[in-house]
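Working notes, structure below.
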Amino acid sequence: MSKFTHDVVVVGAGIIGTTIAERLQYEGKRVLLIDRSAPGEGCSKGNAGHFATDVILPLANFKTLLQVPKLLLDPLGPLAISWSYFPRLLPWLMRFAWAAMPHKSQHSIDALKQLNRPSIATFETLLARTGLTDLMSQQGALTVFSTESGRRKCLAHAALVEPHGINVQILSTEQVSAFEPALKSSISGALYFPDTAHTINPFRLVTALFAQFMAQGGNFKQDSVIGIDASQTQVTLKTTTADITAKEIIIACGAWSKDLLKTMGHNVPLETERGYHLMLSDPQVKITRPITSFEHSFVLTPMEEGLRLAGTVELAGLNAPANERRALQLLQHAQNILTNVNKNHYSTWMGHRPSLPDSLPIIGRSPKNSNVILAFGHQHLGLTQAAVTAQIISQIIHQQALSINIEPYSIKRFS
């Protein structure tokens with residue numbers, strides 16, 4: 001009989017942590033899942049719902065660096081930085097600039113491809129096993145453009161990603177209209193990514209996986225973890241109400257992972273990209289797949305509760321109040337590309353995407369203590385990479401051969 005009440009404690013009940021916990025519990029481990037909030041209440045609740053396997057280009061690249069000065073002149077544009085937060089952000093931005101160097105950017109592309117390639121198949125297996133296949137819709141995704149400049153840049157993007165195995169088709173105005181009649185006639189073409197997918201309800205996906213985890217005998221504790229005390233034989237999590245001991249723990253608490261790992265002596269350059277969405281509960285228009293507007297840099301996703309508009313980035317840390325204007329301006333973007341969209345019933349939301357400068361997550365055992373396993377920093381691709389990350393963590397826990405090389409995701413790259 002093990003001296004531990006739990007074999008594994010997973011810190012973080014977003015899509016990454018919940019998917020990991022469910023898999024390990026299913027495989028026979030005694031798992032405790034812990035989070036400061038209820039399951040799925042963080043970034044996983046309000047994301048765009050897109051299994052974005054086509055996104056293999058890191059945010060850190062020369063193109064982005066050249067655009068930053070122009071983007072920052074618009075406080076409601078697709079990228080905004082809080083100037084009061086800028087001094088704290090500067091070290092991260094310097095690492096971001098270094099990650100944009102061609103050899104570094106290519107390294108990130110290869111590593112993102114490796115995670116994205118099996119992600120939908122891995123999710124299909126998970127959803128079939130848990131009876132949740134209705135939550136994934138495989139209709140592909142569109143990136144639409146309205147201008148000649150947008151057309152040229154989209155074609156250049158297609159030419160860039162196709163050699164990496166991304167299936168992309170170029171659609172004419174007429175083809176776009178046949179795909180999505182609700183789009184305005186000003187849309188002059190699109191890129192179609194047939195191998196992507198979306199979930200009709202990201203929050204229900206997390207909570208349904210959590211329910212499966214609990215039904216299999218898992219345990220959940222809502223509490224804040226404030227420290228880690230790790231030895232060679234066990235790990236003790238210090239929470240606001242108790243000390244919890246386990247053989248192994250998994251840190252999967254997204255943007256909050258940085259402060260927690262400081263208690264172990266890790267200094268991780270993790271920042272939060274504050275993302276906003278606006279949810280139209282009665283849009284009175286219908287689309288069948290995620291649509292990204294190239295010119296306006298936002299995405300529309302059809303969901304069972306309405307139409308979700310998402311996609312802005314704000315670098316302002318964990319504690320600044322939400323700027324609702326950033327969510328509300330998404331409505332104008334939607335009116336620019338959709339015909340007769342109803343704007344009368346909506347809600348807004350803001351969440352914290354956990355982002356590292358090179359656009360790669362941290363996955364693997366801590367070099368400071370092998371009983372601590374890391375799984376965070378998936379930036380815009382947490383939903384996309386959740387099931388494949390759970391597969392990797394399972395292989396690590398069970399000391400099995402790894403299905404992919406995890407060296408690119410090691411925390412050691414920031415030493």
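Residues: numbered from 1 along the sequence shown.
- When the side chain to side chain contact (heavy atoms under 4.5 Å, CB included) test is applied to Glu407, the partners found at least two apart in sequence or on another chain are Asn405.
- The closest side-chain heavy-atom distance from Lys238 to Ile228 is not below 4.5 Å.
- Evaluation of the salt bridge (Lys or Arg N to Asp or Glu O under 4.0 Å) test over residues 364-387, restricted to residues two or more places apart or in two chains, returns Glu248-Arg365.
- For Phe414, there are no ring pair (Phe, Tyr, Trp, His ring centres under 6.0 Å) partners at least two apart in sequence or on another chain.
- In this structure, a donor-acceptor pair under 3.5 Å is present between the side chains of Glu271 and Tyr85.
- The ring-ring contact (aromatic ring centres under 6.0 Å, His included) analysis of residues 299-331, with sequence neighbours excluded, yields no pairs.
- Donor-acceptor pairing under 3.5 Å is recorded for the side chains of Thr239 and Asp223.
- For Lys153, the NZ atom counts as loosely surrounded, since its 6.0 Å shell holds 12 or fewer non-hydrogen atoms of other residues, nucleotides or ligands.
- Residues Asn116 and Leu381 have side chains in contact (heavy-atom distance under 4.5 Å, counting atoms from C-beta outward).
- Side chains of Thr384 and His50: no donor on one and acceptor on the other come within 3.5 Å.
- When all heavy atoms of Ser403 and Gln395 are compared, the pair lying nearest together is N-OE1, 3.0 Å.
- Leu309 is not listed as a side-chain neighbour of Tyr276, based on a closest heavy-atom distance of 4.5 Å or more.
- Contacts of Phe179 classified as ring pair (Phe, Tyr, Trp, His ring centres under 6.0 Å), with partners at least two apart in sequence or in another chain: Tyr192.
- In this structure Ala215 satisfies the side chain to side chain contact (heavy atoms under 4.5 Å, CB included) test with no other residue, sequence neighbours excluded.
- Note on residues 195-242: pairs passing ring-ring contact (aromatic ring centres under 6.0 Å, His included), not counting sequence neighbours, are Phe210-Phe220.
- Look at Asp358 and Arg95 and you find no salt bridge, because none of the NZ, NE, NH1 or NH2 atoms lies under 4.0 Å from a carboxylate O.
- A distance of 3.5 Å separates CD1 in Ile404 from CD1 in Ile392, rounded to the nearest 0.5 Å.
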>> Applying side-chain contact (heavy atoms from CB on, under 4.5 Å) to Leu205 and Ile200, what does each step give before you reach the verdict?
In response: CA-CA 9 Å; Leu205 175 58; Ile200 62 171; over 6 Å; no
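- For Phe51, the ring pair (Phe, Tyr, Trp, His ring centres under 6.0 Å) criterion is met by Phe123, not counting sequence neighbours.
- Side-chain contact between Val9 and Ile34: present, with at least one pair of heavy atoms (C-beta onward) separated by less than 4.5 Å.
- For the pair Leu330/Phe298, a side-chain contact is recorded, criterion being any heavy-atom separation below 4.5 Å from C-beta on.
- With hydrogens and angles disregarded, a donor-acceptor distance shorter than 3.5 Å links the side chain of Asp35 to the backbone of Ala13.
- A donor and an acceptor atom, one from each side chain of Gln138 and Glu124, are located under 3.5 Å apart.
- Proximity of a side-chain donor or acceptor of Gln329 to a complementary backbone N or O of Arg326 within less than 3.5 Å is detected.
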>> Let's go through Val144 and Thr292 carefully: what are the C-alpha distance in whole Å and the side-chain angles of both, what is the deciding distance for side-chain contact (heavy atoms from CB on, under 4.5 Å) to 0.1 Å, and is it a yes or a no?
In response: CA-CA 6 Å; Val144 301; Thr292 298; over 6 Å; no
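- For the 3.5 Å distance criterion, the side chains of Thr130 and Glu22 fail to qualify, holding no donor opposite an acceptor.
- A salt bridge links Arg204 with Glu304: at least one charged nitrogen is closer than 4.0 Å to a carboxylate oxygen.
- Atom CE of Met94 is surrounded by 12 or fewer heavy atoms from other residues, nucleotides or ligands within 6.0 Å.
- The local environment of NZ in Lys247 is sparse, with at most 12 non-hydrogen atoms from other residues, nucleotides or ligands closer than 6.0 Å.
- For the atom pair Glu180 CD and Ile287 CD1, the distance stands at 5.5 Å (nearest 0.5 Å).
- When side chains are defined from C-beta on, His6 counts as touching Asn219, because their heavy atoms get closer than 4.5 Å.
- By the ring pair (Phe, Tyr, Trp, His ring centres under 6.0 Å) test, His296 is found to be paired with His333, residues two or more places apart in sequence or in another chain being considered.
- Looking only at side-chain heavy atoms (C-beta outward), Thr241 and Lys221 come within less than 4.5 Å of each other.
- Checked for salt-bridge contact, Asp7 and Arg30 meet the test: a charged N lies under 4.0 Å from a carboxylate O.
- Counting only residues at least two apart or in different chains, side-chain hydrogen bond (donor to acceptor under 3.5 Å, both in side chains) contacts with residues 96-109 comprise Gln106-Asp110.
- Formation of a donor-acceptor pair under 3.5 Å by the Thr199 side chain with backbone atoms of Asn201 is found in this model.
- Leu237 contributes atom CG, which lies 7.5 Å from atom CG of Leu260 (distance to the nearest 0.5 angstrom).
- More than 12 heavy atoms of other residues, nucleotides or ligands sit less than 6.0 Å from atom CZ of Arg129.
- Taking Val206 as the reference, Ile15, Thr18, Ser44 meet the side chain to side chain contact (heavy atoms under 4.5 Å, CB included) condition, with sequence neighbours excluded.
- At a cut-off of 3.5 Å, with distance as the only test, no side-chain donor of Gln284 or Asn340 sits close to an acceptor on the other residue.
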> Between Asn323 and Glu314, does a side-chain contact (heavy atoms from CB on, under 4.5 Å) hold up when you go through it step by step?
Replying inline: CA-CA 9 Å; Asn323 180 359; Glu314 179 186 42; 4.1 Å; yes
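- Within the structure, every pair that satisfies the side-chain hydrogen bond (donor to acceptor under 3.5 Å, both in side chains) test and touches residues 254-269, not counting sequence neighbours, is listed here: His266-Ser366.
- Side chain of Arg274 to main chain of Ala320: a donor-acceptor pair is present (N/O by atom type, distance under 3.5 Å, no hydrogens or angles).
- No more than 12 heavy atoms of other residues, nucleotides or ligands sit less than 6.0 Å from atom CG of Asn319.
- Within the 4.5 Å cutoff, the side chain of Arg353 has heavy atoms near those of the Val313 side chain.
- One side chain, Glu295 or Thr147, offers a donor N or O that lies under 3.5 Å from an acceptor on the other.
- Side-chain contact, Glu324 with Thr348: a donor N or O sits under 3.5 Å from an acceptor N or O.
- Looking at Gln222 and Ser37, their side chains never bring a donor and an acceptor atom within 3.5 Å of each other.
- Between Glu27 and Ser394, the side chains place a donor N or O and an acceptor N or O closer than 3.5 Å (distance only, hydrogens not considered).
- Trp92 contributes a side-chain N or O that, together with a main-chain N or O of Ser355, makes up a donor-acceptor pair within less than 3.5 Å.
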